[in-house]
J.: 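One structure, as structure tokens, below. Some questions next.
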Amino acid sequence: MASQTSNVAVLQKYLKLDQKGSIIAEYIWIDSEGSTRSKCRTLKEKEYTVDELPIWNFDGSSTGQAPGDNSDVYLKPVAVFPSPFLLSPNILVLAECWNADGTPNKFNYRHECAKLMETHAVHEPWFGLEQEYTLLDSNDRPYGWPANGFPAPQGPYYCGVGSGKVVQRDIVEAHYKACLYAGVKISGTNAEVMPAQWEYQVGPCEGIEMGDHLWVSRFLLHRIAEELGAKVSVHPKPIPGDWNGAGLHSNFSTKEMRVEGGMKYIEEAIKKLEGRHKEHIAVYGEDNDKRLTGRHETGAIDQFSWGVANRGASIRIPRECGAKGYGYLEDRRPASNADPYRITGIIMETCFGTVDK
Ligand code: ADP
Ligand code: MN
Ligand code: MN
Ligand code: MN
Ligand code: MN
């Protein structure tokens with residue numbers, strides 16, 4: 001479908017209108033494709049905690065999440081944020097998907113992740129995710145790339161400044177501000193190695209908050225790019241060949257790793273991660289084999305490796321942590337399209353075991 005920019009200037013006029021004691025709640029969920037969907041409803045104006053927000057539903061047969069003859073999927077609110085689009089007191093509501101029979105929907109990866117986080121909460125797990133993405137034009141070509149041909153080789157684009165080096169900084173900066181307004185724990189942003197590719201980081205977040213904040217940050221990015229007529233691709237290898245892929249580097253630490261003597265716990269975790277390399281790769285995103293080639297700052301998909309400051313390894317210990325002897329590790333394997341609930345969940349399971357029965 002062709003993209004079209006919204007007339008954001010005209011919208012300003014209506015944003016100022018009195019809402020007469022009502023607010024708009026935009027419910028957000030994750031569909032069968034790993035995209036976000038949303039729909040809005042009117043609620044009485046007040047400050048809502050998640051428990052006070054009504055459970056809602058949608059037609060799961062239209063999203064590939066339920067059969068047509070039993071199509072209702074329930075939306076259970078799990079996190080609430082002020083809306084950077086309609087502004088406070090209007091809200092965004094992140095919701096989990098549940099089936100009519102009381103079981104979690106097949107694509108509800110949050111439920112299992114939350115149980116793992118709860119079971120192992122004493123370790124105070126922190127995560128920081130680096131979301132890389134590529135901005136595409138209406139022909140699904142990376143923005144600013146010649147229609148028939150390629151830009152000059154990689155080199156000037158990473159953290160680039162200036163025309164011909166980066167594109168659509170307006171989307172990047174609008175997204176940064178929108179995250180801050182919503183209270184999403186965004187911690188930075190930078191232009192990436194491949195032209196039209198960007199990154200932002202979310203974290204550190206503790207436990208289940210990591211997945212929640214990353215999903216809302218993705219929703220905000222797609223929503224802002226929609227207004228400006230661009231498409232966001234989280235494909236891990238949008239352009240084959242000598243162009244960097246896109247990942248979701250996952251930084252991880254526990255309370256034990258973050259203090260003096262922590263390296264022992266970091267190395268212990270790495271040993272456990274090594275033993276379950278295949279299981280991790282299985283949930284670290286689709287088409288990740290096209291990205292994890294052992295080139296372009298990646299480790300090969302069928303080999304587990306680790307090292308201090310090594311960007312060609314599966315796991316990297318940041319130089320500063322290596323020098324201090326404590327801190328965190330970076331799992332460089334997850335693809336940009338991976339589900340953060342599945343990543344953070346399996347890291348907990350591998351390091352500390354399955355959930356309590
Ligand atoms: P890189 O050098 O790999 O590009 P970035 O600066 O992009 O690193 O991202 C680092 C990420 O690590 C950030 O999201 C940050 O929040 C996270 N982080 C920092 N300290 C910790 C920690 N102790 N535990 C977990 N994550 C952390
Ligand atoms: Mn209808
Ligand atoms: Mn980074
Ligand atoms: Mn990066
Ligand atoms: Mn990184």
Side-chain angles (χ1 to χ4, degrees), residues 117 120 123-135 154-155 157-160 166 172 176 179-180 184-214 217-218 233-238 243-263 265-266 269-270 273 284-285 288 291-292 295-299 306-338 340 343-344 347-348 351:
M117 294 301 173
H120 304 304
H123 298 289
E124 296 174 20
W126 289 6
F127 299 92
L129 266 48
E130 306 170 45
Q131 177 71 66
E132 294 180 335
Y133 63 95
T134 308
L135 292 168
Q154 294 182 159
Y157 312 116
Y158 170 73
C159 298
V166 295
V172 174
Y176 205 151
C179 284
L180 292 176
V184 168
K185 291 185 177 168
I186 189 168
S187 44
T189 185
N190 59 269
E192 267 304 335
V193 175
M194 188 185 95
Q197 198 171 87
W198 291 87
E199 169 181 318
Y200 63 89
Q201 303 92 33
V202 178
C205 290
E206 188 164 335
I208 196 66
E209 184 183 65
M210 184 69 253
D212 290 351
H213 281 226
L214 194 81
S217 77
R218 283 177 172 176
S233 167
V234 288
H235 193 277
K237 194 76 181 183
W243 304 98
N244 271 35
L248 186 62
H249 294 169
S250 300
N251 301 275
F252 167 61
S253 67
T254 60
K255 148 176 117 176
E256 298 80 13
M257 296 175 187
R258 290 190 291 269
V259 293
E260 222 155 290
M263 194 54 67
Y265 297 94
I266 293 175
I270 291 173
L273 291 169
Y284 278 2
N288 207 11
R291 163 180 167 260
L292 294 181
R295 298 180 58 226
H296 303 112
E297 303 178 41
T298 70
W306 67 280
V308 174
N310 183 357
R311 288 177 191 268
S314 315
I315 306 284
R316 162 179 156 255
I317 298 175
R319 163 102 47 218
E320 195 198 337
C321 300
K324 284 193 307 195
Y326 63 92
Y328 63 98
L329 63 86
E330 177 190 43
D331 189 343
R332 299 176 61 79
R333 296 171 293 174
S336 45
N337 59 1
I343 301 171
T344 59
I347 289 176
M348 293 308 283
C351 291

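Every number for a ligand or one of its atoms is a count from 1 in the order of the listing. Throughout, residue positions are numbered sequentially from 1 according to the sequence presented. Given the structure is predicted, the values throughout are model-derived calculations rather than measurements.
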J.: Any idea which protein heavy atom is nearest atom 8 (O) of ligand 1, and the distance to it?
T.: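 Here the closest protein heavy atom is Glu130 OE2, 3.5 Å.
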J.: Quick check: Ser253 and ligand 1, any N/O pair under 3.5 Å apart?
T.: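 Yes.
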J.: Give the residue and atom name of whichever protein heavy atom lies nearest to atom 3 (O) of ligand 1, and the separation in Å to one decimal.
T.: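 Looking at atom 3 (O) of ligand 1, the protein heavy atom closest to it is Glu330 OE2, 2.9 Å.
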J.: Looking only at distances, please establish whether an N/O atom of ligand 1 is found under 3.5 Å from an N/O atom of Tyr328.
T.: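 No; every N/O pair is 3.5 Å or more apart.
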J.: Students should be able to answer this: which protein heavy-atom is nearest to atom 17 (C) of ligand 1, and at what distance?
T.: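 So the nearest neighbour among protein heavy atoms is Gly128 CA, 3.8 Å.
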J.: Got the closest protein heavy atom to atom 10 (C) of ligand 1, with its distance?
T.: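 I find the closest protein heavy atom is Asn251 ND2, 3.7 Å.
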J.: Less than 4.0 Å between a side-chain N and a carboxylate O, is that true for Glu260 and Lys324?
T.: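 A salt bridge is absent here (no side-chain N lies under 4.0 Å from a carboxylate O).
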J.: Provide, to 0.1 Å, the distance between atom 2 (O) of ligand 1 and the closest protein heavy atom, together with that atom's residue and name.
T.: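 The answer is Arg311 NH2, 3.4 Å.
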J.: Relative to the heavy atoms of Glu199, which atoms of ligand 1 are at a distance of less than 4.0 Å?
T.: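 Contacts of ligand 1 toward Glu199, numbered from 1: 7 (O).
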J.: Closer than 2.8 Å to the Mn ion (ligand 4), do we get an N, O or S atom from Glu132, backbone or side chain?
T.: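 Yes - counting backbone and side chain alike, Glu132 has an N, O or S atom under 2.8 Å.
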J.: Does Gly203 reach ligand 1 with a nitrogen or oxygen that is under 3.5 Å from one of the ligand's nitrogen or oxygen atoms?
T.: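 Yes: some nitrogen or oxygen of Gly203 is under 3.5 Å from one in ligand 1.
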J.: May I ask you to check if ligand 1 and Arg332 share an N or O to N or O distance below 3.5 Å?
T.: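 No: no nitrogen or oxygen of Arg332 is under 3.5 Å from one in ligand 1.
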J.: Could you say whether the N/O atoms of Pro204 and ligand 1 ever approach to under 3.5 Å?
T.: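 Yes: some nitrogen or oxygen of Pro204 is under 3.5 Å from one in ligand 1.
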J.: Check for a donor-acceptor pair, side chain of His213 on one end and backbone N or O of Val184 on the other, with a separation under 3.5 Å.
T.: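 Not at all, since once roles are kept as given, no pair shorter than 3.5 Å links the two residues.
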J.: Checking the N or O distance criterion of under 3.5 Å, is ligand 1 in contact with Gln201?
T.: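 Yes - when backbone and side-chain N and O of Gln201 are compared with those of ligand 1, one distance drops under 3.5 Å.
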